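Computed from a predicted model, the values in this text were never measured in an experiment. Position 1 is the first residue of the sequence; numbering continues from there. Read the numbers this way: they start at 1 and go in the same order the structure lists the ligands and their atoms.
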Amino acid sequence: MKILGIETSCDETAAAVVEDGVRILSNVVVSQIDIFAEYGGVIPEVAARSHLEAMMPVVKKALLDASCTWNDIDAIAVTHAPGLLGSLLIGTLTARTLAILHNKPLYAVHHLKSHVYANWLEVTKSKAESSSDTLKAVRPSLWSSDDSALDSSSNLFATPNFPLLALVVSGGHTQILYMPGHNKFEIIGTTHDDAIGECFDKVAKILGLPYPGGPSITRAARGEIEGATRPGDSDKYKLPHPKVEGLDFSFSGLKTAVLRAVQKELGVPISYPSHKLKELLSAEQVCDFAASFQKTAVEILVEKLEMAKREYPETKSVVIAGGVSANQALREALPEAYFPATFLSGDNGAMVAAACYFEILSGVNPVNPYKLNIYPRISIQD
Ligand code: KG4
Ligand code: ZN
């Protein structure tokens, strides 16, 4: 079964064709990062307009790359929730129109389910975009140092086993989900305030690093920014772990702790305009703050995941999902967990098609293309 997946929940316009939920035939992502790097964050109206311009060329390229015509497509899947209202509207209106025009069943997929199902997508040696680093990132513990043992079509893939725990770490969400089986989700931990990706983005802004904050913080932690002569020292600044009960998270305190630590280091009062702090920081200080923050953020995630494993001892696999799953420090801290290939960590259409396939297997019905609604804030459990 070939499914066309369409994703526009935030600032990526994406479409992909996936066969049987696991084989990526094409995966086209047009990112608006360059536009928003200038503003330091996403501007919803601009995002929607950019989706509108990119959407149809992206869909056409996804079909072309997969060597598919509309006759080959069995279903269309689209993100209808959660996300930015205008962005979701462009994707769903496109999918609805295409479903009616080409007489295809239409499925509405929750964005966080898609991120989780990115872990079911196969990455074969011939498909993996670039270096062996991409492959190692897929499943470090499965990686053999003798890569000659893998022929050009070998599949490094082993699918996660149920029951599993999914740690969702994206720009808008931080949750631990318990999954007893396909398409069954129970939220067992969630953030009380900021999401982890949002925290990376806000800390990057304080440090004067470009949006999106995740990759910028990693580069700075490695000392890969202008003027830096060494990697950041991750033990330089002691940042607190939030005291949150059970499996829940809180990240707004960590962001404020970085802000206070920067103010203290620079000897300025807390009333000092935060957008001017970056002008006073040296490259080395930026690297040290980035490394210290990243280390603390990873420690907090790992701690809660370990706690969840103790509370759910029947857990057979742990999967990590969402944009922050691209983080190398997090990957290294969780060598036994499943991570999507780094190019599938962020928003893409392949994961939407994968999630849709497993929904269909679980008995989920198509939606009415004349009536499909969007839900910018709905939970994965609703
Ligand atoms: O899942 P995603 O692409 O979009 C949402 O559904 O929100 O996640 C975007 C988030 C951003 O906050 C971005 O800073 C973060 O993922 N991110 C990272 C990395 N790459 C992207 N965070 C930490 N390390 C990274 N390498
Ligand atoms: Zn996402």
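Using a 4.5 Å cut-off between side-chain heavy atoms of Ile, Leu, Val, Met, Phe, Trp and Tyr, V30 falls into a hydrophobic cluster with V28, V58. Cluster partners of Y370, using a side-chain heavy-atom cutoff of under 4.5 Å among ILVMFWY residues and allowing indirect links, are I100.
Residue-level proximity to ligand 1 for H115 is carried by the side chain, the only part with a heavy atom below 4.0 angstrom. Here H111 has side-chain heavy atoms under 4.0 Å from ligand 1, and that is the only part of it that gets that close. For D201, every heavy-atom contact with ligand 1 shorter than 4.0 Å involves the side chain, none the backbone.
At a cut-off of 3.5 Å, with distance as the only test, a side-chain donor of S250 or D193 sits close to an acceptor on the other residue. Side-chain polar atoms of H102 and N71 form no donor-acceptor pair below 3.5 angstrom. With 3.5 Å as the limit, one finds no donor-acceptor pair spanning the side chains of R331 and Q328. For the residue pair H182/Y117, the side-chain donor-acceptor check at 3.5 Å is satisfied. Of the N and O atoms on the side chains of D382 and H110, not one donor lies less than 3.5 Å from an acceptor on the other residue. For the residue pair Y178/E314, the side-chain donor-acceptor check at 3.5 Å is satisfied.
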Let me have the donor-acceptor pairs involving side chains of residues 210-223, under 3.5 Å, with sequence neighbours excluded, atom names and distances please.
residue: Y211; atom: OH; partner: D11; partner atom: OD2; Å: 3.3
residue: S216; atom: OG; partner: P210; partner atom: O; Å: 2.5
residue: S216; atom: OG; partner: P212; partner atom: O; Å: 3.1
residue: T218; atom: OG1; partner: G214; partner atom: O; Å: 3.3
residue: T218; atom: OG1; partner: Q294; partner atom: OE1; Å: 2.9
residue: T218; atom: OG1; partner: N327; partner atom: ND2; Å: 3.4

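In this structure, the protein non-hydrogen atom closest to atom 2 (P) of ligand 1 is D347 OD1, 3.5 Å.
Not close to ligand 1: C10, with no non-hydrogen atom less than 4.0 angstrom away.
Checked against a 3.5 angstrom limit, the closest N/O atoms of G214 and ligand 1 fall inside it. By the 3.5 Å distance cut-off applied to N or O atoms, S345 is not counted among the residues near ligand 1. At least one N/O-N/O distance between G171 and ligand 1 falls below 3.5 Å. Looking at ligand 1, you'll find an N or O of G323 within less than 3.5 Å of one of its N or O atoms. Looking at G197 next to ligand 1, an N or O pair under 3.5 Å apart turns up. Of the polar atoms of N327, at least one N or O is found under 3.5 Å from an N or O of ligand 1, judged by distance alone.
Which parts of ligand 1 touch G172 is read off a 4.0 Å heavy-atom cut-off, strictly below it: atoms 7 (O). Below 4.0 Å from some heavy atom of V324 lie the following atoms of ligand 1, by number and element: 15 (C), 16 (O), 18 (C), 22 (N), 23 (C). Close approach of ligand 1 to P215 (heavy-atom distance below 4.0 Å) involves ligand atoms 19 (C), 20 (N), 21 (C), 25 (C).
In summary, D233 and K295 do not engage in a salt bridge, as defined by a charged side-chain N under 4.0 Å from a carboxylate O. The existence of a salt bridge linking R49 and E53 is excluded, since no basic side-chain nitrogen approaches an acidic carboxylate oxygen closer than 4.0 Å.
F293 and Y237 have their aromatic ring centers separated by at least 6.0 angstrom.
The only member of N27, L4, L25, L121 that meets side chain to side chain contact (heavy atoms under 4.5 Å, CB included) when paired with V18 is L121.
Tally of protein N, O or S atoms closer to the Zn ion (ligand 2) than 2.8 Å: 3.
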